[in-house]
Amino acid sequence: MDSDSPGRRGRLHGFSINRLIPNILTLAALCSGLTAIRFALQGEMRLAVIAIIVAAIFDALDGRVARRLGVTSRFGAELDSLSDFLCFGVTPALVLYLASLKDGGALGWVVTLMFPICSALRLARFNTALVSDTPPPAWTGSYFTGVPAPAGALLALIPLMVSFEIEAAWPRHALVVGAVLVIVGGLMVSRIPTYSFKKGRVPRHLVLPSLLGAALVMGVLASAPWIAGSLIGLVYVSLIPFSWIAYRRQAAQDRQAATSGEVVPLRSVDSGPPPA
C-alpha cells in the first residue's frame, strides 16, 4: 500500500489560529506602545497619545478574546504583563518626559522613573496573586486592587491631552505633570479597590438610555476628543470612593456570613486571569 495514502497520513500538529489570536492582539498593543515612543521622539505628541490609546484598546481585547475562545494560557498572561509594563508604564513616562518633565532637570527624571517602577510593582503583585493558594471570593472579580495599568497610563496623560485643546501653558508645566504622575503612580500600587467594568450588567429598562448615553459620549469624543477623554478620566477617578465603599460593604457581609456559618463562593481559577 502507498505510504502517502490519506488513510496513513498523520494529523497536522500545531496550534490553531484561534489560540494565536489573543497573542497577536497583545503583540499589536506592544507595537502600538513602541510606536508611541517613536512619535514622541519625533515631537508628534498627539500621535503618541493616540498610539497609547490604541494599545489600551488592543489590551482590553486580548484577554476577553482569549476567555471567549477558551484559549487562556500562562504564556499569554506573561506576554500581556510584559506588554502592559512597556505600553502603560515605560511609554507614558517617556512621552511625558519628552513633552514636559525634561524641563524639570534631575527631579523631572526622578519622577519619570517612578512611574514605570510603580507599574512594575503593580504587575508583579498581580502576577503573584494569580498563583495564590487560596482563591478570593467570587465577588472580588468585580474590583481591581489599585488603578489598572491602562487606566493609570491614560490618567497620567490627562495634562498633555488638556494642552492639546487649550492655549494655556500650565497643563504642560513640569510641576503639574509631575504631580499628576506621582498621584497616579501611587494609585496604581495602592490597595484601594477600583471598579472592574468587565462583569457589569445593564438592567433591561436602562439599555436604551445607556445606548443613548454611549452615543452622546461618542459624539463628544468626535467633536472634542482630548477634552472628552480628560473628562472620562476625571469621572473614573470620582468613582474610586464609591468603589471603596462598595467593597468594604461587601467584605463586611462576607465576614458576617462567615460568622453565621454560610458558604461564601470563591472565584474560579479556570476562567483565566483578568486584565492587569
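Position 1 is the first residue of the sequence; numbering continues from there. These numbers come from the heavy atoms of this one structure, side chains and all, not from hydrogens, waters or symmetry mates.
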Undergrad: Can you list every side-chain hydrogen bond (donor to acceptor under 3.5 Å, both in side chains) pair that touches residues 144-166, not counting sequence neighbours?
TA: Ser163-Arg172
Undergrad: Could you tell me which non-hydrogen atom of Ala56 sits nearest to which non-hydrogen atom of Pro150, and how far apart they are?
TA: CB-CB, 4.4 Å
Undergrad: Name every donor-acceptor pair, under 3.5 Å, that has one atom in a side chain of residues 152-159 and the other anywhere in the protein, sequence neighbours excluded.
TA:
none

Undergrad: The criterion is side chain to side chain donor-acceptor pair (under 3.5 Å); which residues satisfy it with Thr26, sequence neighbours excluded?
TA: Asp62
Undergrad: With a 4.5 Å cut-off on side-chain heavy-atom distances among I, L, V, M, F, W and Y, is there a chain of contacts connecting Ile50 to Leu86?
TA: no
Undergrad: Which of these passes side-chain contact (heavy atoms from CB on, under 4.5 Å) with Asp80: Asp59, Leu123, Asn23?
TA: Asp59
Undergrad: Side-chain contact test, heavy atoms from C-beta onward, threshold under 4.5 Å: evaluate it for Val111 versus Leu96 and give yes or no.
TA: no
Undergrad: Under a 4.5 Å side-chain heavy-atom rule over Ile, Leu, Val, Met, Phe, Trp and Tyr, are Leu98 and Val162 clustered together?
TA: yes
Undergrad: Could you tabulate the donor-acceptor pairs under 3.5 Å formed by side-chain atoms of residues 179-192, not counting sequence neighbours?
TA:
| unit_1 | atom_1 | unit_2 | atom_2 | d |
| --- | --- | --- | --- | --- |
| Ser190 | OG | Leu187 | O | 2.8 |
| Ser190 | OG | Ile192 | N | 3.4 |

Undergrad: Counting only N and O atoms by type, is there a donor-acceptor contact under 3.5 Å from the side chain of Thr112 to the main-chain atoms of Gly108?
TA: yes
Undergrad: So do Ile117 and Leu121 actually touch side chain to side chain, heavy atoms under 4.5 Å?
TA: yes
Undergrad: Which distance, rounded to the nearest 0.5 Å, do you find between the CG of Leu94 and the NZ of Lys102?
TA: 12.5 Å
Undergrad: Using the rule that Ile, Leu, Val, Met, Phe, Trp and Tyr join whenever any side-chain heavy atoms are under 4.5 Å apart, tell me whether Val177 and Leu175 fall into a single cluster.
TA: no
Undergrad: Linking directly or through intermediates, with side-chain heavy atoms under 4.5 Å: list the remaining ILVMFWY members grouped with Val110, chain and number order.
TA: none
Undergrad: For residues 225-246, which side-chain N or O atoms pair as donor and acceptor with protein atoms under 3.5 Å away, sequence neighbours left out?
TA:
| unit_1 | atom_1 | unit_2 | atom_2 | d |
| --- | --- | --- | --- | --- |
| Ser230 | OG | Trp226 | O | 2.8 |
| Ser238 | OG | Val235 | O | 2.6 |
| Ser243 | OG | Pro193 | O | 2.7 |
| Ser243 | OG | Ile240 | O | 2.7 |

Undergrad: Report the residues that fulfil side chain to side chain contact (heavy atoms under 4.5 Å, CB included) with Ala168, sequence neighbours left out, ordered by chain and then residue number.
TA: Ile166, Trp170, Pro171
Undergrad: Could you work out, with side chain to side chain donor-acceptor pair (under 3.5 Å) as the rule, every residue matching Glu78, not counting sequence neighbours?
TA: Arg74
Undergrad: For residues 63-114, which residue pairs pass the ring-ring contact (aromatic ring centres under 6.0 Å, His included) check, not counting sequence neighbours?
TA: Tyr97-Trp109
Undergrad: Holding to side chain to side chain donor-acceptor pair (under 3.5 Å), I want the full list of residues that pass it with Thr194, two or more places apart in sequence or in another chain.
TA: none
Undergrad: Considering residues at least two apart in sequence or located in another chain, which fulfil the side chain to side chain contact (heavy atoms under 4.5 Å, CB included) criterion with Leu61?
TA: Leu25, Ile57
Undergrad: Got a second to check how far Asp84's CG is from Thr91's OG1, nearest 0.5 Å?
TA: 11.0 Å
Undergrad: Set out, in order, the CA-CA distance, both residues' side-chain angles and the distance that settles side-chain contact (heavy atoms from CB on, under 4.5 Å) for Phe144 and Ser196, then state yes or no.
TA: CA-CA 6 Å; Phe144 291 120; Ser196 171; 3.6 Å; yes
Undergrad: Are Leu79 and Ile24 in one and the same hydrophobic cluster, where Ile, Leu, Val, Met, Phe, Trp and Tyr link if side-chain heavy atoms are under 4.5 Å apart?
TA: no
Undergrad: For atom CZ of Arg46, is the number of surrounding heavy atoms from other residues, nucleotides or ligands below 6.0 Å larger than 12?
TA: yes
Undergrad: Could you go through residues 28-40 and list every donor-acceptor pair under 3.5 Å that involves a side-chain atom there, pairing it with any protein atom two or more places apart or in another chain?
TA:
| unit_1 | atom_1 | unit_2 | atom_2 | d |
| --- | --- | --- | --- | --- |
| Ser32 | OG | Ala28 | O | 3.0 |
| Thr35 | OG1 | Cys31 | O | 2.7 |

Undergrad: Using atom types as modelled and distance alone, determine if a side-chain donor or acceptor of Ser223 lies under 3.5 Å from a backbone N or O of Gly219.
TA: yes
Undergrad: Which pair of non-hydrogen atoms, one from Ala174 and one from Leu101, has the smallest distance, and what is that distance?
TA: O-CD2, 3.6 Å
